[in-house]
Amino acid sequence: MVGGEKMLIAVSGTPGVGKTTVAKLLAEKMGYDYVDLREFALKHRIGEIRGDELEIEFDKLAYYVKEKLKNRNTVLDGHLSHLMPVDQIIILRAHPKLIGERLKERGYTKEKISENVEAELVDVCLLEALDENEAIIEVDTTNKTPEEVVNEILSLLERGIKRKIGIVDWGKVYDDIIPYLNLGGD
Ligand code: ADP
Ligand code: MG
């Protein structure tokens with residue numbers, strides 16, 4: 001981007017937030033390669049599948065990301081991509097209710113839905129990313145089309161903006177989220 005430098009961009013966020021949709025469109029518009037982190041891990045035989053979960057060896061994955069994807073123009077899609085050695089992290093945010101609805105549609109269990117709605121509510125990806133990287137852009141996707149989200153990202157990157165955080169506060173809409181949470185002791 002800057003002076004023709006190669007960039008590795010992570011698109012992260014809670015499952016259902018829109019990572020794959022946005023990452024593919026962003027890659028297309030920038031002329032970058034699109035890489036799904038989970039597929040990348042499987043391809044390089046990093047980690048193993050237990051049930052339907054992929055247990056990843058983190059250090060090994062980070063090493064491979066650095067070896068294979070750094071210095072290529074790549075958009076890396078995945079809910080763990082913010083833990084990888086990338087040049088720019090994009091964290092997508094959405095009203096936790098939307099996360100709940102989308103995951104319900106995907107047939108997730110109540111527990112899994114609650115877990116992810118709560119993760120969105122309390123900014124898990126952002127907090128983890130803050131430990132890893134300075135260059136973090138958060139985008140609220142609520143009530144926006146994927147196209148609008150991508151244009152927002154492009155506009156920030158073109159202006160050289162690498163950090164924009166603290167843009168949502170889902171605590172304010174907590175009442176709307178209660179139905180999706182597994183409260184109480186079951
Ligand atoms: P993830 O990869 O984070 O699990 P997906 O991209 O697979 O999310 O799914 C997100 C869903 O939300 C898709 O059905 C997509 O069409 C929809 N969606 C609605 N609005 C947006 C938006 N602004 N950005 C991204 N996805 C959106
Ligand atoms: Mg996805």
Side-chain angles (χ1 to χ4, degrees), residues 8-30 32-44 46-47 49 51-56 58 61 65 69 74-84 86 88-129 132-133 136-158 164-165 167-170 173 176-177 179-181:
L8 175 57
I9 303 174
V11 176
S12 192
T14 311
V17 78
K19 295 180 295 296
T20 300
T21 310
V22 165
K24 283 183 173 166
L25 191 58
L26 182 65
E28 188 187 314
K29 287 210 177 192
M30 294 181 82
Y32 277 31
D33 290 333
Y34 164 87
V35 174
D36 177 307
L37 185 57
R38 185 188 159 90
E39 279 171 20
F40 178 84
L42 288 172
K43 184 172 132 193
H44 294 288
I46 303 158
I49 299 201
D52 61 353
E53 302 253 342
L54 178 63
E55 283 192 5
I56 287 180
F58 260 83
L61 184 57
V65 165
L69 303 179
T74 302
V75 177
L76 186 60
D77 167 17
H79 72 286
L80 300 173
S81 64
H82 60 277
L83 303 175
M84 294 295 114
V86 300
Q88 178 71 57
I89 298 173
I90 309 288
I91 298 186
L92 301 181
R93 306 302 305 266
H95 192 307
K97 203 174 142 178
L98 281 176
I99 303 288
E101 286 305 311
R102 287 177 190 160
L103 297 184
K104 203 192 279 182
E105 205 137 293
R106 283 185 193 174
Y108 276 41
T109 62
K110 274 200 112 182
E111 283 74 20
K112 272 279 164 201
I113 293 171
S114 171
E115 211 174 275
N116 286 301
V117 166
E118 188 181 328
E120 180 60 27
L121 174 68
V122 302
D123 313 319
V124 167
C125 283
L126 172 65
L127 295 176
E128 288 179 357
E132 302 287 331
N133 212 312
I136 304 169
I137 291 173
E138 275 190 293
V139 179
D140 184 7
T141 67
T142 313
N143 299 322
K144 290 173 194 162
T145 64
E147 184 92 13
E148 285 171 331
V149 170
V150 168
N151 287 340
E152 201 172 313
I153 295 166
L154 287 173
S155 154
L156 291 165
L157 294 178
E158 276 159 16
K164 187 175 183 225
I165 59 171
I167 54 148
V168 296
D169 177 6
W170 302 134
V173 295
D176 300 344
I177 297 161
Y180 299 91
L181 298 175

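First listed ligand is number 1; within each ligand, the first listed atom is number 1.
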In terms of atom number and element, which parts of ligand 1 are under 4.0 angstrom from non-hydrogen atoms of [X]?
X: Lys144; value: 20 (N), 21 (C), 22 (C), 23 (N)
X: Val149; value: 23 (N)
X: Thr141; value: 23 (N)

### Message
Under the criterion salt bridge (Lys or Arg N to Asp or Glu O under 4.0 Å), I'd like the reasoning laid out for Glu147 against Lys29: C-alpha separation, chi angles, the key distance, then a yes or no.
### Response
CA-CA 10 Å; Glu147 184 92 13; Lys29 287 210 177 192; 2.7 Å; yes
### Query
After noting the C-alpha distance and the side-chain angles of Val168 and Thr142, does the key distance pass the side chain to side chain contact (heavy atoms under 4.5 Å, CB included) rule?
CA-CA 10 Å; Val168 296; Thr142 313; over 6 Å; no
Out of [options], indicate the one that has the non-hydrogen atom closest to [atom].
atom: atom 13 (C) of ligand 1; options: Asp140, Leu25, Thr21; result: Thr21
atom: atom 10 (C) of ligand 1; options: Ser12, Gly18, Pro15; result: Gly18
atom: atom 9 (O) of ligand 1; options: Glu105, Lys19, Arg106; result: Arg106

#### Entry: Closest protein heavy atom (residue, atom, distance) for atom 18 (N) of ligand 1
Arg102 NH2, 3.4 Å
### Query
Tell me: protein heavy atom nearest atom 24 (N) of ligand 1, and distance?
Val22 CG2, 3.6 Å
### Task
Please state whether Gly13 comes within less than 4.0 angstrom of ligand 1, counting heavy atoms only.
no
#### Entry: Gly16-ligand 1 polar pair, N/O distance under 3.5 Å
yes
### Task
Give a yes or no on whether His95 atom NE2 has more than 12 heavy-atom contacts from other residues, nucleotides or ligands under 6.0 Å away.
yes
### Task
Please check if atom CG in Asn143 has more than 12 non-hydrogen atoms from other residues, nucleotides or ligands closer than 6.0 Å.
no
#### Entry: Location of contacts on Asp77 toward ligand 1, heavy atoms closer than 4.0 Å
neither
### Query
Is Thr20 close enough to the Mg ion (ligand 2) to have an N, O or S atom under 2.8 Å?
yes
### Query
Would you call Arg102-Glu105 a salt bridge at under 4.0 Å N-O?
no
### Query
Does a donor on one side chain sit under 3.5 Å from an acceptor on the other, for Glu118 and Tyr180?
no
### Query
Does the pair Ile89 and Ile91 meet the rule for a side chain to side chain contact (heavy atoms under 4.5 Å, CB included), with working shown?
CA-CA 6 Å; Ile89 298 173; Ile91 298 186; 3.6 Å; yes
### Query
If you take all heavy atoms of Ile177 and Trp170, which pair is closest and at what distance?
CD1-O, 3.9 Å
Under 3.5 Å, which donor-acceptor pairs do the side chains of residues 12-20 form with other protein atoms, sequence neighbours left out?
| unit_1 | atom_1 | unit_2 | atom_2 | d |
| --- | --- | --- | --- | --- |
| Ser12 | OG | Gly78 | O | 3.4 |
| Ser12 | OG | His82 | ND1 | 2.7 |
| Thr14 | OG1 | Glu120 | OE1 | 2.7 |
| Lys19 | NZ | Gly13 | O | 3.0 |
| Lys19 | NZ | Thr14 | O | 3.2 |
| Thr20 | OG1 | Asp77 | OD2 | 2.8 |

### Query
Protein heavy-atom contact under 4.0 Å for atom 26 (N) of ligand 1?
yes
